[in-house]
Novice: 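Before I ask anything, let me first share the structure, which is written out below as structure tokens.
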Amino acid sequence: MASVQYYCPCFSTSSVQQPPPPHMASSSSSFHPLHSLFFCEECDAVRCNRCVSVEVSGYYCPNCLFEVPSASVRAEKNRCARNCFSCPLCRATLSVVASDPPDEDDGRSVAISPVGEAPFFLYCNYCRWDSASVGITFEKPTGLAAQLQKFEDSAPEAQEFDRLKEHFEPFLRTSSLSSSANLSNLSSSHHHHSHTSAATAAASAALARDIPGVSKYQPLTRSRSGRDRTANKDEMSEYKSRVEVGVLNQLGAGGGDDEDVEYMKHLESAGQVAALEQRWANSWTTSIKTSELRPLRIPLHSKVTKRCPTCRHILIKPEQKAQSVRYKIKLVAGNYLPAIGVTLPHLQEAMKKTAGRPSAAASGGEEKAGGGMFAGRSYPFHLAFTNPLYDPIQVRLSVARVHVAAAAADGSDSKTRRSPYSISLPMQPFPVAAFAEAWEYDDDEDMFGIEDDELGISGAGSRLAREKEAKSKAKTVGVLEKRANVTVVGGEVTIGKEARGDVKFNMLVSYTYRSDDPMPIDSDQSRPSSKQPEHKTFTFYTVIDIGSIIPREDSNTTAI
């Protein structure tokens with residue numbers, strides 16, 4: 001399938017930001033779809049999700065859309081502290097229901113209503129699961145997270161984490177006190193050594209920090225005995241886990257113990273065993289029984305702000321409210337770079353023929369191959385450029401020549417050979433109309449008569465190149481169609497007889513547009529200057545993937 005991806009120079013180490021050869025497997029990390037890229041106006045550069053810096057601007061619950069303060073996110077374990085729970089079976093949102101007075105027939109009836117008697121429990125309207133079946137009920141229908149906190153605090157992972165904090169708390173307190181003391185000593189000595197820089201003071205504070213398990217260096221300890229040297233060692237006691245490793249199977253680790261094996265032998269349905277997705281949310285060993293699954297508090301989501309890694313300019317900044325999906329700042333590359341689409345005419349014709357007669361067998365070799373490209377032939381392709389700017393642009397294309405390293409015939413050394421296919425693109429620049437709304441276009445008006453004179457870059461050279469190209473390859477290479485803000489140009493690929501693999505090539509795209517800067521004003525006359533508007537040129541790389549090549553032996557087999 002033909003595709004176009006754009007190059008981000010964040011992985012480039014050299015001053016010349018040239019993309020890697022497209023046939024290399026490592027080049028896939030440097031090219032991205034247009035909708036996933038950003039554009040920095042300060043640097044005039046393309047940015048991707050790999051190179052931008054991300055900052056969390058706010059937390060919210062995706063179910064109730066409650067904005068959670070950053071200070072309480074860690075205390076709530078990144079979960080919603082309100083009545084937001086998900087079903088452990090189907091992950092649907094649970095509802096709080098009350099218990100009606102018991103009936104004579106079934107003893108209890110479930111009422112999907114907030115009015116009722118205690119105890120209250122969580123109920124799933126999709127799979128009919130309720131928390132009363134696992135012994136979890138509530139005394140009141142509000143503040144369920146606080147009432148469920150006692151169940152979470154009694155969980156093995158919560159108790160083990162509390163034990164770890166209790167064990168390391170004295171050491172952390174001592175380390176913080178020693179660090180503050182070192183900083184105070186450095187600040188007091190700064191009056192005596194005013195020439196000490198801030199960087200040196202910070203480095204000294206970092207070197208003076210205590211490291212667990214490493215004794216502090218003291219020159220006098222060399223003359224002391226071995227008994228005195230051991231006094232500086234870490235005096236922290238050895239940590240012992242609350243649960244031994246051999247007891248993990250008793251907590252339902254599912255490690256093939258006798259209890260789980262015996263439970264599997266007496267299964268009546270596959271639904272009695274919890275799936276991996278249902279047990280994945282737990283951070284500790286859980287039971288494989290579906291009847292022992294617990295309701296889950298819905299995790300919090302976050303809104304992030306993205307900045308340029310070079311100038312720290314904000315690229316993406318969403319609105320603070322959780323209910324809003326708008327952005328205060330949104331600098332995406334699709335609003336600055338022309339969108340490029342690639343199509344293959346022979347592939348479209350093959351699909352039309354196949355759709356026109358679905359029951360008949362294809363007779364041609366290309367139809368049997370699904371419109372693939374055979375070695376030793378030439379195929380045209382179309383590139384559609386869509387202008388997102390409100391000004392017309394002038395586009396120039398060029399192919400980045402890449403030499404492919406191949407093994408020599410004797411296998412002793414490697415040699416450099418040329419690419420097994422050649423690409424032909426329009427040589428002269430071509431215009432693309434400005435973006436406008438659909439109702440602004442007039443059918444009787446020639447919207448597409450954009451000449452080079454509009455951008456001030458026309459000349460005799462471009463006219464001669466246009467005439468030369470029209471004589472040579474007027475049918476396949478050149479401007480083929482203009483509609484609204486879209487210009488379709490044609491190219492051609494000539495495949496060698498021994499070619500294999502995919503047809504991929506790097507294409508350099510340069511476009512010129514009018515600058516949005518205001519016209520300069522003469523101080524003497526207080527009127528706009530007669531100077532011509534400034535034109536800017538931006539250049540970026542793309543990789544064009546046209547499709548796979550069918551080798552000669554495969555093409556002969558297909559034609560038989």
Side-chain angles (χ1 to χ4, degrees), residues 1-5 7 18-31 340-354 361-383 397-427 468-469 472-478 480 489-509 541-560:
M1 191 66 181
S3 63
V4 179
Q5 290 187 331
Y7 171 66
Q18 188 171 0
H23 63 274
M24 298 179 58
S26 59
S27 64
S28 60
S29 60
S30 299
F31 296 97
I340 306 174
V342 56
T343 56
L344 302 176
H346 73 280
L347 179 59
Q348 294 179 347
E349 294 177 1
M351 295 176 63
K352 290 180 180 179
K353 292 180 180 180
T354 305
S363 57
E366 293 189 9
E367 296 181 8
K368 288 184 178 181
M373 296 182 296
F374 294 95
R377 300 186 185 181
S378 298
Y379 295 91
F381 60 91
H382 296 168
L383 296 175
L397 306 178
S398 61
V399 180
R401 302 297 178 183
V402 178
H403 295 280
V404 183
D410 54 357
S412 59
D413 196 2
S414 62
K415 60 180 181 180
T416 302
R417 62 180 178 87
R418 299 188 63 182
S419 178
Y421 50 83
S422 60
I423 305 297
S424 299
L425 291 175
M427 300 298 298
K468 182 179 180 181
E469 186 177 1
S472 60
K473 295 182 179 180
K475 295 184 179 179
T476 58
V477 180
L480 304 180
V489 298
E492 189 177 30
V493 53
T494 303
I495 306 176
K497 296 182 179 181
E498 303 298 331
R500 293 175 178 270
D502 298 334
V503 179
K504 290 184 178 181
F505 62 94
N506 293 336
M507 183 176 67
L508 178 64
V509 182
Y541 278 96
T542 60
V543 58
I544 311 296
D545 186 1
I546 299 181
S548 301
I549 302 175
I550 301 177
R552 297 186 62 184
E553 54 270 17
D554 295 345
S555 61
N556 296 333
T557 305
T558 306
I560 296 176

Novice: Just how far is it from atom CD1 of Ile544 to atom NZ of Lys504, taken to the nearest 0.5 Å?
Specialist: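 Ile544 atom CD1 to Lys504 atom NZ measures 11.5 Å (nearest 0.5 Å).
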
Novice: Does Tyr379 use its side chain to pair, donor to acceptor, with the backbone of Phe374 at less than 3.5 Å?
Specialist: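 Side chain of Tyr379 to backbone of Phe374: a pair is present.
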
Novice: Do the non-hydrogen side-chain atoms of Ser26 and Pro20 ever get within less than 4.5 Å of each other?
Specialist: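 Counting from C-beta outward, Ser26 and Pro20 never come under 4.5 Å.
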
Novice: For residues Val342 and Ser3, determine if any side-chain heavy atom of one lies less than 4.5 Å from a side-chain heavy atom of the other.
Specialist: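 They are not in side-chain contact.
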
Novice: Rounded to the nearest 0.5 Å, how far does OG1 of Thr542 lie from CG of Asn506?
Specialist: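 Those atoms lie 7.5 Å apart.
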
Novice: Compare every heavy atom of Phe381 with every heavy atom of Ser424, then report the nearest pair and how far apart it is.
Specialist: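 Nearest pair, atom of Ser424 first, then Phe381: O-CZ, 4.3 Å.
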
Novice: Evaluate the side-chain proximity of Leu480 to Val489: yes if any heavy-atom separation is below 4.5 Å, no if none is.
Specialist: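 They are not in side-chain contact.
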
Novice: Check whether any side-chain heavy atom of Phe505 lies under 4.5 Å from a side-chain heavy atom of Ser422, and answer yes or no.
Specialist: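 In short, these two side chains do not touch, never coming nearer than 4.5 Å.
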
Novice: When rounded to the nearest 0.5 angstrom, what distance separates CD in Glu498 from CD1 in Ile549?
Specialist: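 That separation rounds to 11.5 Å.
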
Novice: With sequence neighbours excluded, what pairs up with Ser29 under the side-chain hydrogen bond (donor to acceptor under 3.5 Å, both in side chains) test?
Specialist: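 Expected list: none.
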
Novice: With a 3.5 Å distance limit and no angle check, can you tell me whether Tyr421 reaches the backbone of Ala375 through a side-chain donor-acceptor pair?
Specialist: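 Judged by distance alone, no pair lies under 3.5 Å.
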
Novice: Please report the shortest heavy-atom distance between Ser27 and Pro22, naming the atom on each side.
Specialist: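 Between these two residues, the closest heavy atoms are OG-O, 3.5 Å.
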
Novice: List for me each residue that meets side-chain hydrogen bond (donor to acceptor under 3.5 Å, both in side chains) alongside Ser378, sequence neighbours excluded, and say none if there are none.
Specialist: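 Only Thr494 meet the side-chain hydrogen bond (donor to acceptor under 3.5 Å, both in side chains) criterion with Ser378.
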
Novice: Would you sort out whether Ile340 and Met507 count as a side chain to side chain contact (heavy atoms under 4.5 Å, CB included), showing the intermediate values?
Specialist: CA-CA 11 Å; Ile340 306 174; Met507 183 176 67; 4.2 Å; yes

Novice: Could you give the distance from CD1 (Ile546) to CE (Met373), rounded to the nearest 0.5 Å?
Specialist: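 It is 6.0 Å, given to the nearest 0.5 Å.
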
Novice: In Å, rounded to the nearest 0.5 Å, how long is the span from CG of Asp545 to CZ of Phe31?
Specialist: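 The CZ atom of Phe31 is 11.0 Å from CG of Asp545, to the nearest 0.5 Å.
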
Novice: Would Leu425 and Leu383 count as a side chain to side chain contact (heavy atoms under 4.5 Å, CB included) here? Give the steps.
Specialist: CA-CA 10 Å; Leu425 291 175; Leu383 296 175; 4.1 Å; yes

